[in-house]
> 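The structure under discussion is supplied below as structure tokens; questions concerning it will follow.
Naming convention: chains lettered A, B, ... in sequence-line order (proteins, then strands); numbering from 1 in each chain.
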Amino acid sequence: MAILTVEDLYKSYRKGFIPRQQTVLNGVNFTLQPGTITGFLGANGAGKTTTMKCVLGLAQFHQGKVSFFEGQPLNQEVKNRIGFLPERPYFYEYLTGEEFLKFYGQLSLKMTRFDLQQRITNLLELVGLTEARHRRLRAYSKGMLQKIGFAQALVHRPDLVILDEPVSGLDPDGRMAIAELIKQVASEGAAVFFSSHLMHDTEKLCQNLIILRSGKVMYEGAMDLFLEKMGISIEIIYFENNQKKSLREDNIDSAQRKIKILMGQGASILEVRQNRKSLEEAFVQTALRGSAA
Amino acid sequence: MKSIGIIALNTYREIIRDRILYGILVFAILLIGLSMALGQLSFAEQARITASFGMTGIQIGAAIVSIFLGSTLVTKEIEKKTIMTLLVRPVSRTQFLLGKSLGLIFVQVTVMGILMSVLLGIFKFMGVLIEPQAFVAIYGIFLESLVLLGVTLFFSIFATSMMVVAFALGVFLIGHWIDSLNYFVKKGQSEWIKEATQFILKATPNLERFNWRNLMIYSDPISSKMLIQASLYAMVWFVFLVALAGFIFRRRDFV
């Protein structure tokens, strides 16, 4: 069962003093399955946030189709099953953490007051903000705001969670906490779809990947498959001038040539190993240089 | 309906917890207090002067709430992007606008209730008889603030906060001078200017229709027909402006 299906999405904006049509999405297609974590990658301006906004009805697309939960269009019932955390969220700073979650919970749910209170207590515990529940959001740190924002997206137990740059600007502790929460939400059956510029975190977290370049999907599929397709790299570890060094080559021929040069320079080769490319290398190759995966 | 109520309550809480509201309240109370001092200047017309200035204080306070707080009602949500987390919930854009307006109307009722209590306290202190016309005059100010809120909400859909304030102040001034402006337009020479000005005047609500302060000051009788007509006039303007705002808002992209 597809949680979200995006077909042939086109979107353009009129920008500038003398308005000019600028195409942002150029036929975007992808599908999300339940219980999966999908990373949405692309360079700045590739169209990630615009895609999310079109999916969520915050921006209107000119052409294409977006359907949820086996073919339903975006309606009030569907919205009740979606959680969203925007990039760099500024929340209602005059509310306390608990009031904030209650406000969003009341908007989405047909829960009893008692059930909602239970859910809020559980969520605050899950994101580690129980102590700060009666503090106003203006007194929250950036990491705390991100966590309460994440809790806001989950308060109504959504089946699809869309997160725009959920870990940007967070310290390693905060990033790890959010990553754990994402894993937990997916393990409960929801599909998590998030955009990020942090390749290391995405590589560790996602099973699936969608890479966008100039408003077009360059890759959609499993992370492992993508990294395999992008080929291998050969790492040469050598000892030169009393220092241990390493370098990477894309193929065996160039690695052999490099080894000959190094040996000619008097370096000692300590180890030669075959590595799969990191997501960062593969991403640069696909999204920035444009080689198809 | 439930989501309108929840958004209204949140808007009410937002404004009540904002220091700006207390600044406006203090300013309006000082204006009302000033009416007492000004009343002392006259021996015979003390009560009338106090009543007139006191009501002006309430009117200015109510107009500031509608224009200045109303101007940030939607624009702040858009600038801070909080609107994005709201509109992805089962909340339509029209429900969002209605919830925000209703929240500000609650605030307006609270503010006017406080200011009216202050004025009535002053009347009692001065031994002035409180007649029903006083409440009618207050109701007129409320209707005016409702129309101003509609105007502010309409402009805030596509303009920045500063521009909204400028436009709404313009409507406030033209709306009170509409009869004088009409008189001058009729005396004018250029047909083109006459037509353009007439169009602007027709597209602007006549706020003098809600000015019943003189009824209170001179203890004139109140006609129920006048009350009903003015109430309908205010409601039609408010509904028209909110519906127009909703129509434009439905097509807006949040980038």
> Do A:K79 and B:V88 come within less than 4.5 Å of each other through their side chains, counting heavy atoms only?
no
> Taking 4.5 Å as the heavy-atom cut-off, does anything in residues 45-54 of chain A contact chain B, and if so which residues?
A:K53
> About how many Å separate CZ of A:F103 and CZ of B:R13, when rounded to the nearest 0.5 Å?
8.5 Å
> Which atoms of A:K11 come close to chain B, meaning under 4.5 Å heavy atom to heavy atom: side chain ones, backbone ones, both, or neither?
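Answer is side chain: those atoms of A:K11 sit under 4.5 Å from chain B.
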> I need the A:L107 CG to B:F96 CZ distance, nearest 0.5 Å.
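Here the interatomic distance stands at 11.0 Å.
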> Report the C-alpha distance between A:Y104 and B:N10 in whole Å, list the side-chain angles of each, state the deciding distance to 0.1 Å, and finish with yes or no for side chain to side chain donor-acceptor pair (under 3.5 Å).
CA-CA 10 Å; A:Y104 281 96; B:N10 192 49; over 6 Å; no
> Would you indicate whether A:E77, at its atom CD, is surrounded by more than 12 heavy atoms from other residues, nucleotides or ligands within a distance under 6.0 Å?
no
> Going through the checks in order, is the side chain to side chain contact (heavy atoms under 4.5 Å, CB included) test met by B:D253 and A:L58?
CA-CA 6 Å; B:D253 277 354; A:L58 295 169; over 6 Å; no
> For B:F240, I'd like to know if atom CZ has over 12 heavy atoms of other residues, nucleotides or ligands within 6.0 Å.
no
> Rounded to the nearest 0.5 Å, what separation is found between the CZ atom of B:R89 and the CG atom of A:N80?
8.5 Å
> Can you tell me which residue pairs pass the salt bridge (charged side-chain N to carboxylate O under 4.0 Å, His left out) test with a partner in residues 95-124 of chain B, sequence neighbours excluded?
B:E14-B:K100, B:E77-B:K100
> Please walk me through it: do B:I16 and A:Y94 pass side chain to side chain contact (heavy atoms under 4.5 Å, CB included)?
CA-CA 10 Å; B:I16 289 293; A:Y94 53 88; over 6 Å; no
> Supply the atom-to-atom distance A:Q106 CD to B:S3 OG, rounded to the nearest 0.5 angstrom.
11.0 Å
> Output the option from B:L86, B:V91, B:L9, B:T82 having the highest count of non-hydrogen pairs under 4.5 Å with chain A.
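Ranked by contacts with chain A, first place is B:T82.
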> For the CD atom on A:E7, are there more than 12 heavy atoms of other groups (residues, nucleotides or ligands in this structure) within a distance under 6.0 Å?
yes
> Please determine whether the number of non-hydrogen atoms from other residues, nucleotides or ligands lying under 6.0 Å from atom CD of A:E131 exceeds 12.
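Open: at most 12 neighbouring heavy atoms sit under 6.0 Å from CD of A:E131.
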> Please tabulate, for side-chain N and O atoms in residues 241-252 of chain B, each donor-acceptor pair with protein atoms closer than 3.5 Å (sequence neighbours left out).
| unit_1 | atom_1 | unit_2 | atom_2 | d |
| --- | --- | --- | --- | --- |
| B:R252 | NH1 | B:I157 | O | 2.7 |

> Heavy-atom distances under 4.5 Å only: say whether A:L95 touches chain B with side chain, backbone, both or neither.
both
> Taking all non-hydrogen atoms of both residues, which atom of A:P86 and which atom of B:M84 are closest, and how far apart?
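Where A:P86 meets B:M84 most closely, the heavy atoms are CB-SD, 4.5 Å.
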> Under the side-chain hydrogen bond (donor to acceptor under 3.5 Å, both in side chains) definition, can you give me all pairs with a residue in residues 16-26 of chain B, not counting sequence neighbours?
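Qualifying pairs, neighbours excluded: A:E99-B:R17.
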> Given a strict heavy-atom distance threshold of 4.5 Å, which part of A:Q152 is in contact with chain B: side chain, backbone, both, or neither?
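Both backbone and side chain of A:Q152 come within 4.5 Å of chain B.
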